[in-house]
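What you see below is based on every heavy atom in this structure, not just the backbone, and it leaves out hydrogens, waters and symmetry mates. Order of appearance sets the numbers: ligands from 1, and atoms from 1 within every ligand.
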Amino acid sequence: DERELETGFDATIAADQRIEPRDWMPEGYRKTLIRQIAQHAHSEIIGMQPEGNWILRAPSLRRKAILLAKVQDEAGHGMYLYAAAETLGVDREELTEKLIDSKQKYSSIFNYPTLSYADIGVIGWLVDGAAICNQVPLCRCSYGPYARAMIRICKEESFHQRQGYELLLAMANGTDAQRQMVQEATDRWWWPSLMMFGPPDGDSPNSQQSMAWNIKRHTNDELRQRFVDMSVPQAEALGVTLPDPELRWNDERQAHDYGEPDWDEFKAVIAGSGPANAQRVAHRRRAHEGGAWVREAAQAYADKQAARKDE
Ligand code: FAQ
């Protein structure tokens, strides 16, 4: 009966083992995973847009090839993640509809515009850097299909992070104007990158339960701190200043103190009024509607093949 199943589930979690699609799971666990994995998948897909904006304007063939490969990887990550969500009993079509109807979220970070090529470097450095920091612990998430998808995604994310950093190093060793572009892009992306980790722990309604279920392994603030500590020496090596006057090493805590992100801005962006929300969702809707004929043709073909088999 239900109680026995629940005891089994609790024991699996307590032993830090994996839950697989065929295992019984509480409705809340399923719902939380669908919410988080769908949001994550949508982020990868919407996240193609800010960088896609620069594919046609990449400064060299080499930079264009790298950027194309990265954006394609993001599409791939979205696909693995939708597939992981499907193991929980939802379908991709339904999730896409929710995204384009703005009924499901995607990461706040992708609602900011990319204004110069230095943004491509800074997205790799800070946005992929934050993504890795948040996602490496998800490789140990209790839900098998999500954890396994994360392993491959993290490997690709770490390549993405390095390509961004390498691009910035090239610019940092370039002209004064290029160094200024790197600084200006860092100034714009630093605070939104800190917001990727979610609200402060005290305002994070899902953290406690997600930690108890071994979905999340660290709180939002723990990961944000780790990211700040990781980024400071990287900024020094690049010769850029992080735009936070309160940022300083705290010897007692053996960590950096840092300023408070603007949480009103964060709330506005996740509520849909960030600088690029409307544009991002409209673009995704156009692409989805524009691809309807492909889905219809594929379905018609599959139906025809199935009918032939029946003959
Ligand atoms: N943006 O209670 P919590 C990438 C929502 S990386 C928007 O703390 P939770 C790679 C949250 O959903 C980016 N919404 O929530 C890439 C919840 O709303 P709900 C994607 C946010 O889930 C790089 C509410 O606020 N990564 O794509 C954000 O325990 C470059 C309350 O928050 C992932 O999704 C936010 N920043 O913790 C691609 C990682 N933060 O649903 C292209 C997996 C919070 O209750 C280019 N996700 N919210 O209405 C997670 O680790 C977690 O879901 C958190 C949030 C940590 C994001």
TODO: Might you work through the side-chain contact (heavy atoms from CB on, under 4.5 Å) test for Thr32 and Ser210, ending with a clear yes or no?
DONE: CA-CA 8 Å; Thr32 286; Ser210 289; 3.6 Å; yes
Could you identify the single nearest non-hydrogen protein atom to [atom] and state the distance to 0.1 Å?
| atom | result |
| --- | --- |
| atom 51 (O) of ligand 1 | Asn134 ND2, 3.0 Å |
| atom 40 (N) of ligand 1 | Gly198 CA, 3.2 Å |
| atom 10 (C) of ligand 1 | Glu157 OE2, 3.3 Å |
| atom 37 (O) of ligand 1 | Lys216 NZ, 2.9 Å |
| atom 12 (O) of ligand 1 | Gln39 OE1, 2.5 Å |
| atom 41 (O) of ligand 1 | Arg35 CD, 3.0 Å |
| atom 38 (C) of ligand 1 | Glu44 OE1, 3.3 Å |
| atom 28 (C) of ligand 1 | Phe266 CZ, 3.7 Å |

Looking only at atom types and distance, does a side-chain atom of [X] sit under 3.5 Å from a main-chain N or O of [Y], one as donor and one as acceptor?
| X | Y | value |
| --- | --- | --- |
| Ser273 | Ala268 | yes |
| Arg18 | Tyr143 | no |
| Thr12 | Gly8 | yes |
| Asn250 | Asp257 | no |
| Thr114 | Asp119 | no |
| Arg280 | Phe110 | yes |
| Asp73 | Glu156 | no |

Task: Stepwise side-chain contact (heavy atoms from CB on, under 4.5 Å) check, Glu246 with His256 - done: CA-CA 9 Å; Glu246 292 172 52; His256 292 85; over 6 Å; no
Once you restrict to heavy atoms under 4.0 Å, what part of [X] touches ligand 1? Side chain, backbone, both or neither.
| X | answer |
| --- | --- |
| Phe110 | side chain |
| Leu223 | neither |
| Gln135 | side chain |

Open item on the list: Just by distance, no angles: are the side chains of Gln209 and Asn206 close enough, under 3.5 Å, to form a donor-acceptor pair?
Closed with: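 Side chains of Gln209 and Asn206: no pair found under 3.5 Å.
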Task: Flag for Gln49-Arg284: side-chain donor and acceptor within less than 3.5 Å - done: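 Result is no, nothing qualifies.
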Open item on the list: Minimum distance, heavy atoms only, to atom 42 (C) of ligand 1: which one of Gln208, Gln36, Met196, Glu74 is it?
Closed with: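 Selected option, by shortest heavy-atom distance: Glu74.
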- [ ] Could you tell me whether His42 and Tyr82 have their ring centroids closer than 6.0 angstrom?
- [x]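 Close enough - the centres of the two rings lie under 6.0 Å apart.
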Under 4.0 Å to a heavy atom of [X] - the qualifying atoms of ligand 1, by number:
| X | value |
| --- | --- |
| Ile270 | 1 (N), 7 (C), 14 (N), 25 (O) |
| Phe197 | 56 (C) |
| Asn220 | 8 (O), 56 (C) |
| Tyr106 | 1 (N), 7 (C) |

Please confirm whether [X] comes within less than 3.5 Å of ligand 1 when only nitrogen or oxygen atoms on both sides are compared.
| X | result |
| --- | --- |
| Tyr146 | no |
| Ser204 | yes |
| Lys105 | yes |
| Asp203 | no |
| Asn206 | yes |
| Ser108 | yes |
| Met195 | yes |

- [ ] Run the numbers on Cys133 and Met230 for side-chain contact (heavy atoms from CB on, under 4.5 Å), then give the verdict.
- [x] CA-CA 9 Å; Cys133 214; Met230 193 174 98; 4.2 Å; yes
Open item on the list: Against ligand 1, does Ser210 come closer than 4.0 Å with any heavy atom?
Closed with: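 No, that is not the case, since the closest heavy atom of the residue is not under 4.0 Å from the ligand.
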Open item on the list: Check for me whether Glu51 has a heavy atom closer than 4.0 Å to any atom of ligand 1.
Closed with: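 Yes; Glu51 lies near enough to ligand 1 that a heavy-atom distance drops under 4.0 Å.
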- [ ] Anything under 30° is parallel, anything over 60° is perpendicular, the rest tilted; go ahead and classify Phe227 against Phe197.
- [x]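 Geometry flag for Phe197 against Phe227: tilted rings.
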- [ ] Please tell me if the side chains of Ile132 and Gln135 come closer than 4.5 Å, counting only heavy atoms from C-beta onward.
- [x]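 A side-chain contact under 4.5 Å is absent here.
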Task: Nearest protein heavy atom under 4.0 Å from atom 54 (C) of ligand 1, yes or no - done: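 Looking at atom 54 (C) of ligand 1, one finds that no protein heavy atom lies closer than 4.0 Å.
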